[in-house]
Amino acid sequence: MQVFPYRPNYRELFVGLETLVPLAKGGAVPAINFDNAATTPPFNKVMNDINQFAPLYSSIHRGTGYKSVFSSQVYEQARKTVLQFVGGLSEQNTVIFVKNATEAINKLSYRLWNPQKKEIVLTTWMEHHSNLLPWRDKFQVDYIEFESHGGLNLDDLERKLQRYKGAVKLVAVTGASNVTGIMNPIHQIAEIVHRYNAKILVDAAQLAPHAPIDMRPDYAPDHIDFLAFSAHKMYAPFGIGVLIGPKPIFEQGSPEYKGGGTVRFVTKDRVIWDDPPHKEEAGTPNVIGVVALISAIEALSSIGMKKVLKQEERLLQYAQKKLEKIAGIELYTPLSLSRIGVIPFNIVGMRHEKVAEILSWEGGIAVRNGCFCAQPYVQRLLRISDLDMEKFINNPHLPRPGLVRMSFGLYNTREEIDQTTALLQEIAEFERNRTKFLSGFGKQGYTSKRLSYYNNN
């Protein structure tokens, strides 16, 4: 008798997975979500914890009523929970709550910026715009090159650190790419960076929901100095993000946002700022968002982040091997690289927008298409030169370059992958036949009874 390995039913942990979505031909089907790199559905636990907390919700830090005191305690305890989740130490680091990872990195760019000094930030070609643009107007920015297989060239990192002779302030790298899923060796990078008296920021927006993180103590040569991530990518809605870093960095200077909650004293002409993290959290904070984040961290921790990573590696392997067998599908990242569950691809001859639309309207399948807020990376993957990009810039009516992206969450299944790859095979086959028809006869009109959306759009 064949024995099948046990597969836990993670789907029962989530809200909304059986929601029906409409199809172009009429009717509706349960949605299939392969757009988790953008935003994830919430855990049931998160929604339940929010509802339980809501009756006691109040503004924090500035009230003596029971609800205010309780909300303040929940908010401050959350910082310890966050640090435990990522292996950070409270005596070394401060946890600052922000809207998302984008705000976290922007905030850090202001804290590290010294207008009186010419300093350098090294980053990579695979970064999200949120880890590129905040540095450009404050620092000289240079880029770590790739190896031929797509991973970072750590020899190039060290060469650049040597070349700039101590002028590198920070090396800002993604923990895992939102385009290809490639996981960078952050501790190996950190050890190199610290040898040259620079610091490292890890943009963990894609890493935190999918793999274990360990910031490690400051005395460890490979410790992580700064970490940023967003709750909405780790099964917790309500708009909260986290910036973690050494306390002394945030003790200096004034915050870029000023207002309530950031000060000790204000007179007509003087301001004495509060200690971090409070000076960095202007205005009434998003306590509900923090409750959601902590609930999601508890849920992920109870499963175990190693199990989360293993489950998504299985989905990645299964899906990519099926895609590799479909004629006309072009893949951009090999399975040999260490990756989270993200697969970028195109169908030869078809616009990426069209592929995504057909998947949605014919199958109720959500993917993402375009450049995923990482245009320099996608341009490199597609081998688009700077000269070619000028053509797109000068003529906004040209079809924009891009990719289709499948990105997995803990709850996705092989059955969903089977449905998606079956439809992709049909789309790719239809496109091949249509191309042959047009090249052979020079006229429109190749149709498909199955792909009604394709025919009509």
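We're numbering straight along the sequence, starting at 1.
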Are K160 and D156 within salt-bridge range, i.e. N to O under 4.0 Å?
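Yes, K160 and D156 are salt-bridged.
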Any ion pair linking E18 and R11 (charged N to carboxylate O, less than 4.0 Å)?
yes
Nearest-0.5 Å distance that lies between atom [atom1] in [X] and atom [atom2] in [Y]:
X	Y	atom1	atom2	result
I329	M350	CD1	CE	9.5 Å
R400	Q375	CZ	CD	5.5 Å
I105	E127	CD1	CD	8.0 Å
R314	E312	CZ	CD	11.0 Å
M183	I340	CE	CD1	7.5 Å
F372	D35	CZ	CG	9.0 Å

So, for [X] and [Y], which heavy atoms are closest and what is the spacing to 0.1 Å?
X	Y	answer
E147	L152	CG-O, 3.6 Å
M406	T420	CE-CG2, 4.2 Å
A236	A296	CB-CB, 3.7 Å
P212	L309	CD-CD2, 4.3 Å
L403	P344	CD1-CB, 3.9 Å
V378	C371	CG2-O, 3.6 Å

Let me see the working for E281 and Y75 under side-chain hydrogen bond (donor to acceptor under 3.5 Å, both in side chains), right down to the final yes or no.
CA-CA 12 Å; E281 297 176 347; Y75 188 81; 2.9 Å; yes
Return all side-chain donor-acceptor pairs below 3.5 angstrom for residues 106-114, not counting sequence neighbours, or 'none' if the list is empty.
from : atom 1 : to   : atom 2 : distance (Å)
N106 : ND2    : T102 : O      : 2.9
K107 : NZ     : E256 : OE2    : 3.0
K107 : NZ     : E280 : O      : 3.0
K107 : NZ     : E280 : OE1    : 3.0
S109 : OG     : N106 : O      : 2.6
S109 : OG     : K138 : NZ     : 3.3
R111 : NH1    : E256 : OE1    : 2.8
R111 : NH1    : E280 : OE1    : 3.3
R111 : NH2    : S254 : O      : 2.5
W113 : NE1    : K138 : O      : 3.3
N114 : OD1    : Q116 : N      : 3.0

Residue [X] excluded, over 12 heavy atoms near [atom1] under 6.0 Å:
X	atom1	result
K247	NZ	yes
N395	CG	yes
K310	NZ	no

Expected output: side-chain [X] to main-chain [Y] donor-acceptor under 3.5 Å:
X	Y	value
N412	G409	yes
S360	A366	no
K118	Q140	no
T421	L323	no
N153	D155	yes
E353	G402	no
S407	A37	yes
S71	S68	no

Where does the angle between the aromatic ring planes of Y143 and W125 fall among parallel (under 30°), tilted (30 to 60°) and perpendicular (over 60°)?
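Geometry flag for W125 against Y143: parallel rings.
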Aromatic ring pairing F53/Y57, orientation class (parallel under 30°, perpendicular over 60°, tilted between)
perpendicular
So [Y] and [X], do their side chains get closer than 4.5 Å, heavy atoms only?
X	Y	answer
I417	F408	yes
V179	R405	no
P246	F226	yes
I297	L300	no
N131	L201	yes
L410	K307	no
P209	T40	no
P41	N33	yes

Criterion side-chain contact (heavy atoms from CB on, under 4.5 Å) on N36 and Y411, from CA distance to verdict
CA-CA 10 Å; N36 294 282; Y411 59 88; 2.5 Å; yes
Stepwise side-chain contact (heavy atoms from CB on, under 4.5 Å) test for V95 and V242:
CA-CA 7 Å; V95 173; V242 174; 3.9 Å; yes
Keeping to residues at least two apart or across chains, list the side-chain hydrogen bond (donor to acceptor under 3.5 Å, both in side chains) pairs with something in residues 174-183.
S177-T180, T180-Y377
Do any pairs count as a side-chain hydrogen bond (donor to acceptor under 3.5 Å, both in side chains) and have a residue in residues 220-235, sequence neighbours left out, and if so which ones?
T39-H232, H194-D225, R216-D222, H223-D225
Which pairs of donor and acceptor atoms, one on a side chain in residues 87-94, lie under 3.5 Å apart (sequence neighbours left out)?
from : atom 1 : to   : atom 2 : distance (Å)
Q92  : OE1    : D218 : N      : 3.1
N93  : ND2    : L89  : O      : 3.4

Taking ring pair (Phe, Tyr, Trp, His ring centres under 6.0 Å) as the definition, give me every residue that meets it alongside F345, ordered by chain and number, with sequence neighbours left out.
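So F345 forms no ring pair (Phe, Tyr, Trp, His ring centres under 6.0 Å) with any residue.
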Checking salt bridge (Lys or Arg N to Asp or Glu O under 4.0 Å) for the pair E357/R351: CA distance, chi angles, key distance, verdict?
CA-CA 10 Å; E357 289 173 359; R351 298 289 306 150; over 6 Å; no
E298: which residues meet the salt bridge (charged side-chain N to carboxylate O under 4.0 Å, His left out) condition with it, sequence neighbours left out?
K45
